Amino acid sequence: PLRPGDCTLGLGEIMPSIIDVLGHIQARTLTWLSAGCGVVTIMVCYTIAVSLGHVPAWLPMISDCAVYAPEKYIFRFGMITTANLLFLNSLMMYGFLSTITPGRRTADKVGLVLSFISSVGLAIVGSVNEQENNPIHSGAAVVFFFLYEIYMIMISYRFFKADARSWQRLSMASVAIKTIIATVCLIALVLFVIFSQHWGRWGTQIAICEWVGVMCIMAFNFTNIGEYKHDLQS
């Protein structure tokens, strides 16, 4: 079971009230929301932006779908909500990790911090669009993508190195899918960096890499349903 003290970084109980609330929520429900909110927000904004002629159908950067009204307001609300849900999902995973191995590992705490900073980056991406302040928007996007990629690799490696007893609480399919998703996202981010050296020439390829990266992050969160068998107190 998860208790308030399970979500500490060794510096005292930092989030007991959050865990008290989460303890009455189906973990799978929150996992669905964390992944679904981001995907639905992006697709709704994309559909509106294309239908109003704000962006071409193939293929705009996701951020381009959040520049003009009315889609920018939906994007702002949806991305900030998604950022909070992603961190809550990471917080649940942080608690779950203590059930497969005794005690707290430093790597788990580092992963939780990386997830938090990454989620803040996503919230900033949603709050400040590229037209309002492109350096802040782009910088926050870099923080979100690359820190969350590190987090995904850390979680995948943690599961992959679990001992035989720990596998009783793990889903082999989920671990395999997590590893594949983290690898695909890493490839997409590397290609994004390479293509970005010639933005005008590789604009579509850059957009594809961005879409793949975002969807990989959402899919990675969704795979946590493999670990959350029941709810946070079972």
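These numbers come from a predicted model, not from an experiment.
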Derivation of the side chain to side chain contact (heavy atoms under 4.5 Å, CB included) call for Asp108 and Arg158: CA-CA 9 Å; Asp108 296 343; Arg158 177 82 153 82; 2.8 Å; yes

For [X] against [Y], the heavy-atom pair lying closest together:
{"X": "Ala123", "Y": "Ile80", "result": "O-CG1, 3.9 Å"}
{"X": "Thr41", "Y": "Gly78", "result": "OG1-CA, 3.4 Å"}
{"X": "Ser115", "Y": "Leu86", "result": "OG-O, 4.3 Å"}
{"X": "Gly213", "Y": "Ala188", "result": "N-CB, 4.4 Å"}
{"X": "Glu130", "Y": "Ser63", "result": "OE1-CB, 3.3 Å"}
{"X": "Leu30", "Y": "Leu85", "result": "CD1-CD2, 3.5 Å"}

Any side-chain heavy atom of [X] sitting closer than 4.5 Å to one from [Y]?
{"X": "Val212", "Y": "Phe192", "value": "no"}
{"X": "Pro70", "Y": "Ile48", "value": "yes"}
{"X": "Asn221", "Y": "Tyr148", "value": "yes"}
{"X": "Met79", "Y": "Phe75", "value": "yes"}
{"X": "Ile208", "Y": "Trp58", "value": "yes"}
{"X": "Ser118", "Y": "Ile150", "value": "no"}

Say you draw a straight line from [atom1] of [X] to [atom2] of [Y]; how long is it, rounded to the nearest 0.5 Å?
{"X": "Thr179", "Y": "Met152", "atom1": "OG1", "atom2": "CE", "result": "11.0 Å"}
{"X": "Ser174", "Y": "Phe222", "atom1": "OG", "atom2": "CZ", "result": "10.0 Å"}
{"X": "Leu59", "Y": "Gln205", "atom1": "CG", "atom2": "CD", "result": "10.5 Å"}
{"X": "Met92", "Y": "Thr31", "atom1": "CE", "atom2": "OG1", "result": "4.0 Å"}
{"X": "Ser51", "Y": "Tyr46", "atom1": "OG", "atom2": "OH", "result": "10.5 Å"}
{"X": "Ile117", "Y": "Leu112", "atom1": "CD1", "atom2": "CG", "result": "10.0 Å"}

Side chain to side chain contact (heavy atoms under 4.5 Å, CB included) between His137 and Val125, worked out: CA-CA 5 Å; His137 178 88; Val125 168; 3.5 Å; yes

Plane angle bin for Phe195 and Trp202 - parallel if under 30°, tilted between 30 and 60°, otherwise perpendicular: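 Ring orientation, 0 to 90° scale: tilted.
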
Any link between [X] and [Y] through a network of hydrophobic side chains (Ile, Leu, Val, Met, Phe, Trp, Tyr) touching at under 4.5 Å?
{"X": "Ile42", "Y": "Val40", "value": "no"}
{"X": "Ile153", "Y": "Leu97", "value": "no"}
{"X": "Phe159", "Y": "Leu186", "value": "no"}
{"X": "Met218", "Y": "Val184", "value": "yes"}
{"X": "Val44", "Y": "Ile217", "value": "no"}

Tyr157 ring center near Phe160 ring center (under 6.0 Å):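 For Tyr157 and Phe160, the ring centres are not under 6.0 Å apart.
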
Crowding at CH2, Trp32 (>12 non-hydrogen neighbours, <6.0 Å):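 At most 12 heavy atoms, drawn from other residues, nucleotides or ligands, come within 6.0 Å of this atom.
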
Residues, nucleotides or ligands: over 12 heavy atoms within 6.0 Å of Phe146 CZ: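 Yes, the 6.0 Å shell around CZ holds more than 12 heavy atoms from other groups.
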
Check against side chain to side chain contact (heavy atoms under 4.5 Å, CB included), Arg76 and Asn129: CA-CA 9 Å; Arg76 185 160 298 169; Asn129 68 45; 4.1 Å; yes

Cation-pi, Phe220 ring and Lys178 (6.0 angstrom, 45 degrees):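 The answer is yes; both the distance and angle limits are met.
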
